[in-house]
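Counting begins at 1 with the first residue of the sequence.
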Amino acid sequence: MIGKVLVANRGEIARRVIRACHELGLKAVAVYSDADREALHVREADEAYHLGRSRPLDSYLNIPRIIEVLKQSGADAVHPGYGFLAENARFARAVEEAGTCWIGPPADVMEVLESKCRSRRLAREAGVPVVPGSLEGLHDFGEVEEWFDRLGPPVALKIDRGGGGKGIYRVDDRARLREAFEAACRESEAYFGGSGVYIEKLLENPRHIEVQVLAAPGGQVVHLGERECSVQRRFQKLVEESPAPDLDEESRRKVAAMAVRLAAHLGYVNAGTVEFLHDTDGHFYFLEVNKRIQVEHPVTEMVTGRDLVQAQLLVAGTGRLPFRQEEIERRGHAVEARIYAEDPVSFLPSPGTITSLSLPAGEGIRVDHALEEGLRIPPYYDPLIAKVIAWGEHRNAALERLARALEETSIAGIATSLEFHRRLLAHPAFRLGRYHTGLVADMLPTGEGEKGWMSFA
(Lines give C-alpha, C1' and ligand atoms only; values in the text may rest on other atoms or scores of the structure.)
Protein backbone atom coordinates (compact mmCIF):
# COMPACT_ATOMS: atom_id res chain seq x y z
CA MET A 1 0.00 0.00 0.00
CA ILE A 2 1.03 3.59 -0.63
CA GLY A 3 1.85 5.67 2.45
CA LYS A 4 3.52 8.85 1.19
CA VAL A 5 3.02 10.54 -2.19
CA LEU A 6 5.34 13.06 -3.81
CA VAL A 7 3.27 15.50 -5.88
CA ALA A 8 5.47 16.55 -8.81
CA ASN A 9 3.53 19.66 -9.71
CA ARG A 10 2.32 23.05 -8.48
CA GLY A 11 -0.79 25.23 -8.27
CA GLU A 12 -4.35 24.00 -8.09
CA ILE A 13 -3.63 20.45 -9.28
CA ALA A 14 -0.98 20.01 -6.59
CA ARG A 15 -3.52 21.16 -3.98
CA ARG A 16 -6.09 18.80 -5.47
CA VAL A 17 -3.79 15.78 -5.19
CA ILE A 18 -2.65 16.75 -1.68
CA ARG A 19 -6.28 16.93 -0.54
CA ALA A 20 -7.04 13.50 -2.02
CA CYS A 21 -3.99 12.06 -0.25
CA HIS A 22 -5.06 13.46 3.09
CA GLU A 23 -8.63 12.21 2.66
CA LEU A 24 -7.22 8.69 2.21
CA GLY A 25 -4.91 9.07 5.20
CA LEU A 26 -1.75 9.38 3.10
CA LYS A 27 1.08 11.85 3.60
CA ALA A 28 1.80 14.31 0.80
CA VAL A 29 5.17 15.74 -0.23
CA ALA A 30 5.26 19.04 -2.14
CA VAL A 31 8.02 20.37 -4.37
CA TYR A 32 8.52 24.01 -5.28
CA SER A 33 10.58 26.49 -7.25
CA ASP A 34 11.89 29.86 -6.10
CA ALA A 35 8.69 31.49 -7.38
CA ASP A 36 6.51 29.14 -5.31
CA ARG A 37 8.27 29.26 -1.94
CA GLU A 38 5.16 30.58 -0.18
CA ALA A 39 2.55 28.88 -2.36
CA LEU A 40 -0.53 27.24 -0.88
CA HIS A 41 0.41 23.75 -2.04
CA VAL A 42 3.71 24.06 -0.17
CA ARG A 43 1.99 25.06 3.05
CA GLU A 44 -0.68 22.39 2.82
CA ALA A 45 1.65 19.43 2.26
CA ASP A 46 3.16 17.40 5.10
CA GLU A 47 6.66 18.07 3.74
CA ALA A 48 8.07 20.35 1.07
CA TYR A 49 11.35 20.34 -0.84
CA HIS A 50 12.97 23.05 -2.94
CA LEU A 51 13.73 22.08 -6.54
CA GLY A 52 15.58 25.07 -7.93
CA ARG A 53 15.14 28.37 -9.71
CA SER A 54 11.82 29.53 -11.11
CA ARG A 55 12.28 28.46 -14.73
CA PRO A 56 10.57 25.09 -15.35
CA LEU A 57 13.78 23.55 -16.69
CA ASP A 58 15.43 24.32 -13.37
CA SER A 59 12.54 23.03 -11.25
CA TYR A 60 9.36 21.24 -12.35
CA LEU A 61 11.01 19.78 -15.48
CA ASN A 62 14.27 18.85 -13.78
CA ILE A 63 14.02 15.04 -13.65
CA PRO A 64 17.33 14.34 -11.85
CA ARG A 65 16.50 16.86 -9.12
CA ILE A 66 12.98 15.48 -8.61
CA ILE A 67 14.33 11.93 -8.34
CA GLU A 68 16.88 13.19 -5.81
CA VAL A 69 14.08 14.75 -3.75
CA LEU A 70 12.01 11.58 -4.12
CA LYS A 71 14.78 9.52 -2.51
CA GLN A 72 15.41 12.16 0.14
CA SER A 73 11.75 12.34 1.14
CA GLY A 74 11.19 8.60 1.34
CA ALA A 75 7.98 8.87 -0.65
CA ASP A 76 6.80 5.55 -2.05
CA ALA A 77 4.70 7.01 -4.92
CA VAL A 78 4.75 9.93 -7.35
CA HIS A 79 1.68 11.70 -8.69
CA PRO A 80 2.57 13.97 -11.64
CA GLY A 81 -0.70 15.95 -11.89
CA TYR A 82 -1.09 17.37 -15.39
CA GLY A 83 1.33 19.37 -17.50
CA PHE A 84 5.09 19.53 -16.86
CA LEU A 85 6.29 15.88 -16.71
CA ALA A 86 2.89 14.20 -16.39
CA GLU A 87 3.07 12.56 -19.83
CA ASN A 88 6.85 12.17 -20.00
CA ALA A 89 7.73 8.49 -20.33
CA ARG A 90 11.36 9.16 -19.39
CA PHE A 91 10.24 10.59 -16.04
CA ALA A 92 7.84 7.70 -15.43
CA ARG A 93 10.64 5.23 -16.12
CA ALA A 94 13.02 7.10 -13.79
CA VAL A 95 10.41 6.85 -11.02
CA GLU A 96 9.89 3.14 -11.69
CA GLU A 97 13.65 2.51 -11.74
CA ALA A 98 13.92 4.24 -8.36
CA GLY A 99 11.65 1.50 -6.99
CA THR A 100 8.76 3.92 -6.53
CA CYS A 101 5.13 3.60 -7.58
CA TRP A 102 4.24 5.75 -10.60
CA ILE A 103 0.62 6.93 -10.37
CA GLY A 104 -0.18 6.70 -14.05
CA PRO A 105 0.16 4.30 -16.97
CA PRO A 106 3.34 2.18 -17.18
CA ALA A 107 6.32 3.86 -18.82
CA ASP A 108 6.30 1.41 -21.75
CA VAL A 109 2.66 2.28 -22.53
CA MET A 110 3.49 5.98 -22.27
CA GLU A 111 6.41 5.55 -24.68
CA VAL A 112 4.12 3.95 -27.26
CA LEU A 113 1.54 6.71 -26.92
CA GLU A 114 4.12 9.49 -27.32
CA SER A 115 4.02 8.72 -31.04
CA LYS A 116 0.78 9.87 -32.64
CA CYS A 117 1.40 7.58 -35.63
CA ARG A 118 1.88 4.53 -33.39
CA SER A 119 -1.25 5.51 -31.45
CA ARG A 120 -3.24 5.72 -34.68
CA ARG A 121 -2.03 2.26 -35.73
CA LEU A 122 -2.99 0.77 -32.36
CA ALA A 123 -6.43 2.37 -32.55
CA ARG A 124 -6.93 0.78 -35.97
CA GLU A 125 -5.87 -2.59 -34.51
CA ALA A 126 -8.50 -2.18 -31.78
CA GLY A 127 -11.20 -1.44 -34.35
CA VAL A 128 -11.40 2.24 -33.50
CA PRO A 129 -11.69 4.59 -36.53
CA VAL A 130 -8.97 7.19 -37.09
CA VAL A 131 -9.06 10.33 -39.22
CA PRO A 132 -8.09 9.39 -42.81
CA GLY A 133 -4.38 9.99 -43.39
CA SER A 134 -0.94 8.46 -43.00
CA LEU A 135 -0.17 5.97 -40.26
CA GLU A 136 3.61 6.32 -40.54
CA GLY A 137 5.88 9.32 -40.09
CA LEU A 138 6.64 11.12 -43.35
CA HIS A 139 10.16 12.42 -43.98
CA ASP A 140 10.04 12.82 -47.76
CA PHE A 141 8.11 15.67 -49.38
CA GLY A 142 7.10 13.44 -52.26
CA GLU A 143 5.13 11.25 -49.85
CA VAL A 144 3.41 14.33 -48.45
CA GLU A 145 2.40 15.42 -51.96
CA GLU A 146 0.95 11.99 -52.70
CA TRP A 147 -1.12 12.07 -49.52
CA PHE A 148 -2.29 15.62 -50.20
CA ASP A 149 -3.55 14.58 -53.64
CA ARG A 150 -5.21 11.48 -52.19
CA LEU A 151 -6.98 13.29 -49.35
CA GLY A 152 -7.70 16.60 -51.04
CA PRO A 153 -7.62 19.97 -49.26
CA PRO A 154 -7.86 21.02 -46.55
CA VAL A 155 -5.35 18.82 -44.71
CA ALA A 156 -3.50 19.06 -41.42
CA LEU A 157 0.23 18.38 -41.17
CA LYS A 158 1.07 17.31 -37.63
CA ILE A 159 4.27 16.58 -35.75
CA ASP A 160 4.35 12.92 -34.74
CA ARG A 161 5.40 13.66 -31.15
CA GLY A 162 3.65 16.99 -30.77
CA GLY A 163 0.98 17.76 -28.22
CA GLY A 164 -0.96 20.48 -26.45
CA GLY A 165 -1.99 22.03 -29.76
CA LYS A 166 1.62 22.48 -30.88
CA GLY A 167 2.98 21.45 -34.25
CA ILE A 168 -0.27 21.50 -36.27
CA TYR A 169 -0.36 23.15 -39.68
CA ARG A 170 -3.48 23.64 -41.77
CA VAL A 171 -2.94 23.58 -45.54
CA ASP A 172 -5.66 24.63 -48.01
CA ASP A 173 -3.51 25.16 -51.09
CA ARG A 174 -1.10 22.64 -52.68
CA ALA A 175 1.23 25.51 -53.59
CA ARG A 176 1.84 26.13 -49.87
CA LEU A 177 2.33 22.47 -48.97
CA ARG A 178 6.14 22.52 -49.05
CA GLU A 179 6.27 25.63 -46.87
CA ALA A 180 4.08 23.93 -44.27
CA PHE A 181 6.03 20.66 -44.48
CA GLU A 182 9.36 22.41 -43.97
CA ALA A 183 8.00 24.44 -41.06
CA ALA A 184 6.65 21.27 -39.41
CA CYS A 185 9.96 19.46 -39.93
CA ARG A 186 11.90 22.35 -38.38
CA GLU A 187 9.61 22.32 -35.35
CA SER A 188 9.85 18.53 -35.07
CA GLU A 189 13.66 18.74 -35.19
CA ALA A 190 13.86 21.59 -32.70
CA TYR A 191 11.60 20.11 -30.04
CA PHE A 192 11.40 16.37 -30.65
CA GLY A 193 14.63 15.37 -32.39
CA GLY A 194 13.14 15.06 -35.85
CA SER A 195 10.51 12.41 -35.18
CA GLY A 196 8.75 13.21 -38.44
CA VAL A 197 5.32 14.47 -39.41
CA TYR A 198 2.11 12.87 -40.61
CA ILE A 199 -0.84 14.11 -42.62
CA GLU A 200 -4.58 13.91 -41.99
CA LYS A 201 -7.70 15.03 -43.74
CA LEU A 202 -8.78 18.18 -41.92
CA LEU A 203 -12.28 17.82 -40.51
CA GLU A 204 -14.11 21.14 -40.78
CA ASN A 205 -15.86 22.29 -37.60
CA PRO A 206 -15.80 18.97 -35.72
CA ARG A 207 -16.78 18.51 -32.11
CA HIS A 208 -14.13 17.43 -29.61
CA ILE A 209 -15.52 14.62 -27.46
CA GLU A 210 -13.45 12.76 -24.88
CA VAL A 211 -14.14 9.76 -22.66
CA GLN A 212 -12.82 9.39 -19.13
CA VAL A 213 -11.47 5.91 -18.45
CA LEU A 214 -10.01 4.24 -15.38
CA ALA A 215 -8.04 1.02 -15.73
CA ALA A 216 -6.26 -1.49 -13.52
CA PRO A 217 -3.79 -4.27 -14.39
CA GLY A 218 -5.20 -7.32 -16.13
CA GLY A 219 -7.44 -5.50 -18.58
CA GLN A 220 -9.84 -4.05 -16.02
CA VAL A 221 -11.33 -0.92 -17.62
CA VAL A 222 -14.35 1.23 -16.83
CA HIS A 223 -15.52 4.52 -18.30
CA LEU A 224 -17.14 7.44 -16.50
CA GLY A 225 -18.87 8.96 -19.51
CA GLU A 226 -17.93 11.58 -22.04
CA ARG A 227 -17.12 15.27 -21.92
CA GLU A 228 -17.61 18.00 -24.52
CA CYS A 229 -14.41 20.01 -25.01
CA SER A 230 -15.10 21.94 -28.22
CA VAL A 231 -14.69 25.46 -26.79
CA GLN A 232 -11.03 25.92 -27.72
CA ARG A 233 -8.53 28.47 -28.91
CA ARG A 234 -5.33 27.20 -30.53
CA PHE A 235 -6.38 23.73 -29.41
CA GLN A 236 -6.37 24.87 -25.79
CA LYS A 237 -9.63 24.09 -24.02
CA LEU A 238 -11.50 26.95 -22.36
CA VAL A 239 -14.79 25.36 -21.27
CA GLU A 240 -15.78 21.71 -20.77
CA GLU A 241 -19.05 20.05 -19.87
CA SER A 242 -20.50 16.64 -19.15
CA PRO A 243 -22.57 15.02 -20.50
CA ALA A 244 -21.90 16.30 -24.02
CA PRO A 245 -24.95 18.25 -25.20
CA ASP A 246 -26.89 17.36 -28.36
CA LEU A 247 -25.56 13.78 -28.42
CA ASP A 248 -27.96 10.83 -28.54
CA GLU A 249 -27.65 7.87 -26.17
CA GLU A 250 -26.56 5.46 -28.89
CA SER A 251 -23.64 7.76 -29.74
CA ARG A 252 -22.69 8.03 -26.06
CA ARG A 253 -22.60 4.25 -25.72
CA LYS A 254 -20.68 3.87 -28.97
CA VAL A 255 -17.88 6.31 -28.13
CA ALA A 256 -17.56 4.99 -24.56
CA ALA A 257 -17.25 1.42 -25.85
CA MET A 258 -14.52 2.48 -28.29
CA ALA A 259 -12.57 4.16 -25.49
CA VAL A 260 -12.78 1.10 -23.23
CA ARG A 261 -11.79 -1.21 -26.07
CA LEU A 262 -8.73 0.87 -26.93
CA ALA A 263 -7.62 1.21 -23.29
CA ALA A 264 -7.81 -2.57 -22.85
CA HIS A 265 -5.93 -3.14 -26.12
CA LEU A 266 -3.14 -0.81 -24.95
CA GLY A 267 -2.78 -2.45 -21.55
CA TYR A 268 -3.55 0.96 -20.09
CA VAL A 269 -3.47 1.44 -16.29
CA ASN A 270 -4.78 4.26 -14.07
CA ALA A 271 -6.80 7.31 -15.17
CA GLY A 272 -6.70 8.53 -18.74
CA THR A 273 -8.77 10.15 -21.43
CA VAL A 274 -9.42 8.88 -24.93
CA GLU A 275 -10.12 11.82 -27.24
CA PHE A 276 -12.21 11.82 -30.40
CA LEU A 277 -13.30 14.16 -33.15
CA HIS A 278 -17.01 13.95 -34.03
CA ASP A 279 -17.80 15.10 -37.56
CA THR A 280 -20.96 16.64 -38.97
CA ASP A 281 -22.11 13.23 -40.24
CA GLY A 282 -22.01 11.76 -36.74
CA HIS A 283 -18.80 9.72 -37.12
CA PHE A 284 -16.26 9.44 -34.29
CA TYR A 285 -12.54 9.40 -35.07
CA PHE A 286 -9.77 8.65 -32.57
CA LEU A 287 -7.54 11.66 -31.88
CA GLU A 288 -5.19 10.75 -29.02
CA VAL A 289 -4.89 9.38 -25.48
CA ASN A 290 -4.12 11.79 -22.67
CA LYS A 291 -2.02 9.76 -20.24
CA ARG A 292 -2.89 11.57 -16.99
CA ILE A 293 -5.64 13.16 -14.97
CA GLN A 294 -7.28 15.87 -17.07
CA VAL A 295 -7.68 19.54 -16.20
CA GLU A 296 -11.43 19.05 -16.74
CA HIS A 297 -11.84 16.00 -14.48
CA PRO A 298 -14.07 17.95 -12.02
CA VAL A 299 -17.07 17.93 -14.39
CA THR A 300 -16.96 14.12 -14.45
CA GLU A 301 -16.62 14.03 -10.68
CA MET A 302 -19.62 16.34 -10.28
CA VAL A 303 -21.95 14.17 -12.39
CA THR A 304 -20.73 10.77 -11.16
CA GLY A 305 -20.00 11.55 -7.51
CA ARG A 306 -16.68 9.71 -7.90
CA ASP A 307 -13.35 11.19 -6.81
CA LEU A 308 -11.01 10.47 -9.72
CA VAL A 309 -7.79 11.44 -7.93
CA GLN A 310 -8.61 9.15 -5.02
CA ALA A 311 -9.40 6.46 -7.58
CA GLN A 312 -5.95 6.98 -9.11
CA LEU A 313 -4.32 6.51 -5.71
CA LEU A 314 -6.38 3.40 -4.96
CA VAL A 315 -5.63 1.76 -8.31
CA ALA A 316 -1.92 2.45 -7.85
CA GLY A 317 -1.95 1.17 -4.27
CA THR A 318 -4.10 -1.95 -4.70
CA GLY A 319 -3.94 -2.90 -8.38
CA ARG A 320 -7.74 -3.04 -8.45
CA LEU A 321 -10.54 -0.76 -9.61
CA PRO A 322 -12.41 0.88 -6.71
CA PHE A 323 -15.79 0.42 -8.44
CA ARG A 324 -17.44 -1.61 -11.20
CA GLN A 325 -18.99 -0.24 -14.38
CA GLU A 326 -22.53 -0.94 -13.17
CA GLU A 327 -21.86 1.10 -10.02
CA ILE A 328 -21.14 4.28 -11.99
CA GLU A 329 -24.19 6.47 -12.43
CA ARG A 330 -24.40 9.95 -13.92
CA ARG A 331 -26.74 12.52 -12.56
CA GLY A 332 -27.38 16.06 -13.79
CA HIS A 333 -24.99 18.24 -15.76
CA ALA A 334 -21.71 20.02 -14.97
CA VAL A 335 -19.83 22.82 -16.76
CA GLU A 336 -16.29 24.07 -16.10
CA ALA A 337 -14.78 27.44 -17.01
CA ARG A 338 -10.99 27.58 -17.03
CA ILE A 339 -9.89 30.96 -15.72
CA TYR A 340 -6.60 32.15 -17.19
CA ALA A 341 -4.34 35.04 -16.24
CA GLU A 342 -4.78 36.39 -19.75
CA ASP A 343 -6.23 39.41 -21.45
CA PRO A 344 -9.83 38.45 -22.41
CA VAL A 345 -9.46 39.91 -25.94
CA SER A 346 -5.84 39.38 -26.99
CA PHE A 347 -5.33 36.23 -24.86
CA LEU A 348 -1.86 37.50 -23.96
CA PRO A 349 -0.54 36.35 -20.55
CA SER A 350 -0.98 38.76 -17.64
CA PRO A 351 1.42 38.00 -14.78
CA GLY A 352 1.26 40.22 -11.72
CA THR A 353 0.10 40.39 -8.12
CA ILE A 354 -3.46 39.65 -7.00
CA THR A 355 -4.54 42.70 -5.00
CA SER A 356 -8.02 41.48 -4.06
CA LEU A 357 -9.89 38.22 -4.50
CA SER A 358 -13.50 37.09 -4.22
CA LEU A 359 -14.51 33.58 -5.25
CA PRO A 360 -18.05 32.18 -5.59
CA ALA A 361 -19.65 29.57 -3.35
CA GLY A 362 -23.03 27.96 -2.84
CA GLU A 363 -24.90 24.83 -3.80
CA GLY A 364 -23.58 23.14 -6.92
CA ILE A 365 -20.50 25.38 -7.15
CA ARG A 366 -16.89 24.20 -6.93
CA VAL A 367 -13.73 26.27 -7.40
CA ASP A 368 -10.36 24.57 -7.83
CA HIS A 369 -7.56 27.11 -7.38
CA ALA A 370 -4.37 28.07 -5.57
CA LEU A 371 -5.10 31.77 -5.20
CA GLU A 372 -4.93 34.27 -2.35
CA GLU A 373 -4.58 38.01 -2.01
CA GLY A 374 -0.98 39.15 -2.38
CA LEU A 375 -0.07 36.13 -4.49
CA ARG A 376 2.24 36.92 -7.40
CA ILE A 377 1.29 35.14 -10.61
CA PRO A 378 4.71 34.41 -12.14
CA PRO A 379 5.42 34.59 -15.88
CA TYR A 380 7.14 31.21 -16.01
CA TYR A 381 4.20 28.79 -16.00
CA ASP A 382 0.91 28.03 -17.71
CA PRO A 383 -1.51 30.95 -17.12
CA LEU A 384 -4.36 28.71 -15.87
CA ILE A 385 -5.09 29.97 -12.36
CA ALA A 386 -8.52 28.61 -11.42
CA LYS A 387 -11.44 26.46 -12.53
CA VAL A 388 -15.03 27.39 -11.73
CA ILE A 389 -17.37 24.41 -11.98
CA ALA A 390 -21.15 24.41 -11.71
CA TRP A 391 -23.54 21.46 -11.40
CA GLY A 392 -27.29 21.44 -12.00
CA GLU A 393 -30.11 18.93 -12.37
CA HIS A 394 -30.09 19.75 -16.10
CA ARG A 395 -27.87 21.72 -18.49
CA ASN A 396 -29.72 25.04 -18.30
CA ALA A 397 -29.59 24.94 -14.50
CA ALA A 398 -25.85 24.32 -14.61
CA LEU A 399 -25.32 27.16 -17.09
CA GLU A 400 -27.33 29.61 -14.99
CA ARG A 401 -25.39 28.60 -11.91
CA LEU A 402 -22.06 29.03 -13.71
CA ALA A 403 -23.10 32.44 -15.07
CA ARG A 404 -23.98 33.60 -11.57
CA ALA A 405 -20.73 32.17 -10.17
CA LEU A 406 -18.66 34.02 -12.78
CA GLU A 407 -20.42 37.28 -11.94
CA GLU A 408 -19.52 36.71 -8.29
CA THR A 409 -15.85 36.06 -9.14
CA SER A 410 -13.47 38.99 -8.81
CA ILE A 411 -9.70 38.80 -9.27
CA ALA A 412 -8.03 42.23 -9.19
CA GLY A 413 -4.45 43.16 -10.02
CA ILE A 414 -4.16 41.02 -13.15
CA ALA A 415 -6.15 40.61 -16.34
CA THR A 416 -8.18 37.39 -16.54
CA SER A 417 -10.37 35.54 -19.02
CA LEU A 418 -13.49 36.08 -16.90
CA GLU A 419 -15.07 38.53 -19.32
CA PHE A 420 -14.55 36.13 -22.22
CA HIS A 421 -16.30 33.36 -20.29
CA ARG A 422 -19.21 35.64 -19.45
CA ARG A 423 -19.65 36.48 -23.13
CA LEU A 424 -19.35 32.83 -24.11
CA LEU A 425 -22.16 31.79 -21.77
CA ALA A 426 -24.45 34.27 -23.52
CA HIS A 427 -23.57 33.06 -27.04
CA PRO A 428 -26.66 31.53 -28.73
CA ALA A 429 -24.82 28.50 -30.17
CA PHE A 430 -23.30 27.68 -26.81
CA ARG A 431 -26.60 28.10 -24.99
CA LEU A 432 -28.24 25.70 -27.45
CA GLY A 433 -25.42 23.17 -27.04
CA ARG A 434 -24.91 23.09 -30.80
CA TYR A 435 -21.36 24.25 -31.27
CA HIS A 436 -18.02 23.02 -32.59
CA THR A 437 -14.29 23.73 -32.33
CA GLY A 438 -14.64 26.87 -34.48
CA LEU A 439 -16.91 28.64 -31.99
CA VAL A 440 -14.20 30.79 -30.36
CA ALA A 441 -12.79 31.82 -33.75
CA ASP A 442 -16.28 32.95 -34.74
CA MET A 443 -16.50 35.05 -31.56
CA LEU A 444 -13.24 36.92 -32.14
CA PRO A 445 -13.20 40.32 -33.86
CA THR A 446 -12.81 40.37 -37.66
CA GLY A 447 -9.22 39.64 -38.60
CA GLU A 448 -8.57 37.65 -35.43
CA GLY A 449 -10.69 34.65 -36.32
CA GLU A 450 -7.80 32.26 -36.71
CA LYS A 451 -8.72 28.61 -36.54
CA GLY A 452 -6.26 27.75 -33.81
CA TRP A 453 -3.39 26.49 -35.94
CA MET A 454 -0.76 27.99 -38.21
CA SER A 455 -2.58 28.32 -41.53
CA PHE A 456 -1.04 27.90 -45.00
CA ALA A 457 -3.92 28.97 -47.23
[atom1]-[atom2] distance between [X] and [Y], expressed to the nearest 0.5 angstrom:
X	Y	atom1	atom2	result
Ile328	His223	CD1	NE2	7.0 Å
Arg338	His421	CZ	NE2	9.0 Å
Glu68	Arg65	CD	CZ	4.5 Å
Leu6	Ile66	CG	CD1	7.5 Å
Cys21	Ile103	SG	CD1	6.5 Å
Ile159	Glu187	CD1	CD	3.5 Å

Ion pair [X]/[Y], N-O distance below 4.0 Å:
X	Y	value
Glu226	Arg330	yes
Arg252	Glu249	yes
Asp58	Arg55	yes
Glu275	Lys237	yes
Lys387	Glu296	no
Glu47	Lys27	no
Asp149	Arg174	yes
Arg227	Glu336	no

Original post:
Below 6.0 angstrom between ring centroids: does that apply to Tyr340 and Phe347?
Top reply: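 Between Tyr340 and Phe347, the centre distance exceeds or equals 6.0 Å.
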Original post:
Is the count of non-hydrogen atoms from other residues, nucleotides or ligands lying under 6.0 Å from Glu326 atom CD greater than 12?
Top reply: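 Yes, enclosed.
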Locate the shortest heavy-atom distance separating [X] from [Y]; write the atom from each residue and the value.
X	Y	value
Tyr268	Arg292	OH-N, 3.8 Å
Pro153	Asp172	CB-O, 3.4 Å
Gly267	Val109	O-CG2, 3.8 Å
Leu277	His208	CD2-CA, 4.5 Å

**OP:** Give the intermediate values and the outcome of side chain to side chain donor-acceptor pair (under 3.5 Å) for residues Ser54 and Asp34.
**Re:** CA-CA 5 Å; Ser54 299; Asp34 284 350; 4.9 Å; no
Original post:
Strictly by modelled atom types, are Ser33 and Tyr380 linked by a side-chain donor-acceptor pair under 3.5 Å?
Top reply: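 No - no donor-acceptor pair under 3.5 Å links their side chains.
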Original post:
Asp36 and Tyr60: side-chain donor and acceptor closer than 3.5 Å?
Top reply: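 A donor-acceptor contact under 3.5 Å links the two side chains.
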**OP:** Take Arg10 and Ser59 through the test side chain to side chain donor-acceptor pair (under 3.5 Å) and record every step on the way to the result.
**Re:** CA-CA 11 Å; Arg10 66 180 297 277; Ser59 51; over 6 Å; no
Subject >> Residue that, paired with His278, satisfies ring-ring contact (aromatic ring centres under 6.0 Å, His included) out of Tyr285, Phe286, Phe284, Tyr435 >> reply: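 So the option named by the test is Phe284.
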